[in-house]
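What follows is a short report on a single structure.
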Amino acid sequence: MASLSLSALPFILFIFTFTDLGHCITQNTSITEYLKLPLLHKTPPPSALHALSLDNHRLSLLHSHRALKSPIVSGAPSGAGQYFVSLRLGSPPQTLLLVVDTGSDLIWVQCSACRNCSNRVPGSAFLARHSSTFSPTHCFDSACQLVSHPEHTSCNHTRLHSPCRYEYLYADGSLTSGFFSRETATLNTSSKREARHKDLAFGCGFRVSGPSVTGSRFNGAHGVLGLGRGPISFPSQLGRRFGHKFSYCLMDYTLSPPPTSYLMIGDAQNEVISNMNFTPLLKNPLSPTFYYIGIRSVFVNNVKLRIDSSVWSLDESGNGGTVIDSGTTLTFLAAPAYRLILKAFDRRVKLPRVAVPAPGFDLCINVSSESKPRLPRMSFKLLGDSVFSPPPRNYFIDTSDGVKCLAIQPVDSVTGFSVIGNVMQQGYLFEFDMKSSRLGFTRRGCAHP
């Protein structure tokens, strides 16, 4: 789901310990292969970008020893800030469009039994009855313990085939519920050969509701591909085969036509790996789904801002910290840090201000007289002494003709956490190495249009 404000970021209520969910891939792949999936991006029109501040979610890509590579498509042209990936599920395979989300774990699709699906259109659902390999998980199956269940739901001891019911709730009240099931996924490897992953655990949703998973912001997607750190996520289920590693590069959503981005599962053995910067991935036991990174300091035009280090800390109650999230569009920073960053930009921007900023933004400037406006440069020093220094176009976005706004917003630092969204990530190759618990990033390695 691509757009969720911090208060609406998907949040998993229950996460249990890891259980092997079936890692069989029937394919004679060599040790150098990986999965490569195109990421599709449906980007919002400039006039609609301010709405993204009200509703942000997440996305992602993949990479490892043997790997899968799939195109990622931007949602920009159709009015949303998320990225999508095409997944073939079932026997024979049915092609489904899923939102790529590093901020959630569950893989789920709308099923033919879906009720109350507000964006239901022909071809928008997975037809389980048309697949010979579809299998609902029994409620006594150990995999059923990996998902939360609807209230007052329990196994029926009198029925031999009592299915596992799941309910997955997001923080803005959106939810999907249905049967937790298993199915065969057909994937393309880097050598253009097909690989089959049997017993992929996923949610077959018959109830879908809420702004994050329905309506225009969901852009007709069939479901969500969870890429989080939990045991039921896509990279976790394929991790044993593909090295517990994935990567992606999100291309600039403003380009037309948008270039193809890719989600890589496995190790692509790319020469750019030697040029990567690394920072540790931190763990939050109370929010085990998310990929936390540590920020040490922030610079604007190479001047270090006086932000207290406690602003970025993760406390014993699981509050605070910083998450990197492909499904959240804009970037949200703890309010004390945001105020100082906003002040620093306001002092250094030499272009005229817009009298009435676009809704949801605090700093908007008129660039109509500048073909290449010069804007201040921001950088983040991270744990491990790596520096993330994105170009200004990653945090000054067009909201209307001749107007750019600072695409960073504040979040309550007491109960919330900071989020580095997908606009800020554009043009970088990010590698999520779950085995080594580190995040790699580099400006090299992203395909150019």
Side-chain angles (χ1 to χ4, degrees), residues 2-3 5 41-56 73-83 216-217 219 250-259 261 298-303 305 328-333 335 337-380 388-411 419-428 443 446 448-449:
S3 267
S5 69
H41 184 212
K42 298 184 178 180
T43 311
S47 61
L49 275 171
H50 70 272
L52 298 178
S53 66
L54 306 177
D55 178 40
N56 274 302
V73 176
S74 166
S78 61
Q82 68 267 43
Y83 289 75
S216 60
R217 290 191 180 96
N219 274 289
L250 307 180
M251 299 304 295
D252 189 344
Y253 74 91
T254 63
L255 299 177
S256 182
S261 302
V298 179
F299 296 78
V300 175
N301 280 358
N302 295 319
V303 176
L305 305 186
T328 296
T329 305
L330 303 183
T331 287
F332 297 82
L333 299 178
Y338 170 79
R339 288 192 292 268
L340 291 174
I341 291 171
L342 177 64
K343 185 177 180 180
F345 276 118
D346 196 35
R347 284 178 176 176
R348 291 167 173 79
V349 170
K350 305 303 181 183
L351 296 170
R353 309 305 192 266
V354 175
V356 181
F361 297 100
D362 293 323
L363 176 61
C364 294
I365 54 179
N366 189 329
V367 297
S368 58
S369 62
E370 304 285 333
S371 59
K372 294 184 178 180
R374 298 185 65 180
L375 299 169
R377 188 72 176 251
M378 178 173 60
S379 58
F380 300 87
F388 176 53
S389 184
R393 66 174 175 271
N394 284 27
Y395 42 89
F396 276 99
I397 62 175
D398 297 317
T399 56
S400 60
D401 290 341
V403 175
K404 289 183 179 292
C405 295
L406 181 63
I408 302 174
Q409 302 205 338
V411 63
V419 180
I420 305 298
N422 65 50
V423 173
M424 189 74 79
Q425 298 175 40
Q426 288 180 151
Y428 281 83
R443 292 275 295 180
C446 286
H448 296 285

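At least one donor-acceptor pair closer than 3.5 Å links the side chain of N301 to the backbone N or O of R377. Remark: side-chain polar atoms of R353 are paired, donor with acceptor, to backbone N or O of L351 under 3.5 angstrom. Judged purely by atom type and a 3.5 angstrom limit, D398 has no side-chain atom pairing as donor or acceptor with the backbone of S400.
Taking all atoms of both residues into account, the shortest heavy-atom contact from R443 to Q426 is NH1-O, 4.3 Å. Considering all non-hydrogen atoms of both residues, Q425 and N394 come closest at C-ND2, 4.1 Å. Considering every non-hydrogen atom in both A358 and C364, the closest pair reads N-SG, 3.6 Å. Closest approach of V349 and I365 over heavy atoms only: CG1-CG2, 3.6 Å.
Using a 4.5 Å heavy-atom cutoff, the side chains of Y338 and I408 are in contact. Between P376 and K350, the closest side-chain pair of non-hydrogen atoms is not below 4.5 Å. Considering only heavy atoms from C-beta on, C405 comes within 4.5 Å of V403 through its side chain. Using a 4.5 Å heavy-atom threshold, the side chains of Q409 and T331 count as separate. Within the 4.5 Å cutoff, the side chain of V411 has no heavy atoms near those of the L333 side chain. Between D362 and L406 the shortest side-chain heavy-atom distance does not fall below 4.5 Å. When side chains are defined from C-beta on, R393 does not count as touching L375, because their heavy atoms never get closer than 4.5 Å.
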Practice task
Tell me, with the steps shown, if I397 and L330 meet side chain to side chain contact (heavy atoms under 4.5 Å, CB included).
Solution key: CA-CA 10 Å; I397 62 175; L330 303 183; 4.1 Å; yes
Exercise for the section: Please test Y395 against F345 for ring pair (Phe, Tyr, Trp, His ring centres under 6.0 Å), starting from the C-alpha separation and ending with a verdict. Expected result: CA-CA 11 Å; Y395 42 89; F345 276 118; 5.7 Å; yes
Exercise for the section: Please test Y428 against F388 for ring pair (Phe, Tyr, Trp, His ring centres under 6.0 Å), starting from the C-alpha separation and ending with a verdict. Expected result: CA-CA 10 Å; Y428 281 83; F388 176 53; 4.8 Å; yes
Exercise for the section: Kindly determine whether K404 and T399 satisfy side chain to side chain contact (heavy atoms under 4.5 Å, CB included), including the steps that lead there. Expected result: CA-CA 6 Å; K404 289 183 179 292; T399 56; over 6 Å; no
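Shown here is R347, whose CZ atom has no more than 12 heavy atoms of other residues, nucleotides or ligands within 6.0 Å. More than 12 heavy atoms of other residues, nucleotides or ligands lie within 6.0 Å of CZ in R348, so this atom counts as buried by the packing criterion.
We find the CG-OG1 distance between N422 and T329 to be 5.0 Å, quoted to the nearest 0.5 Å.
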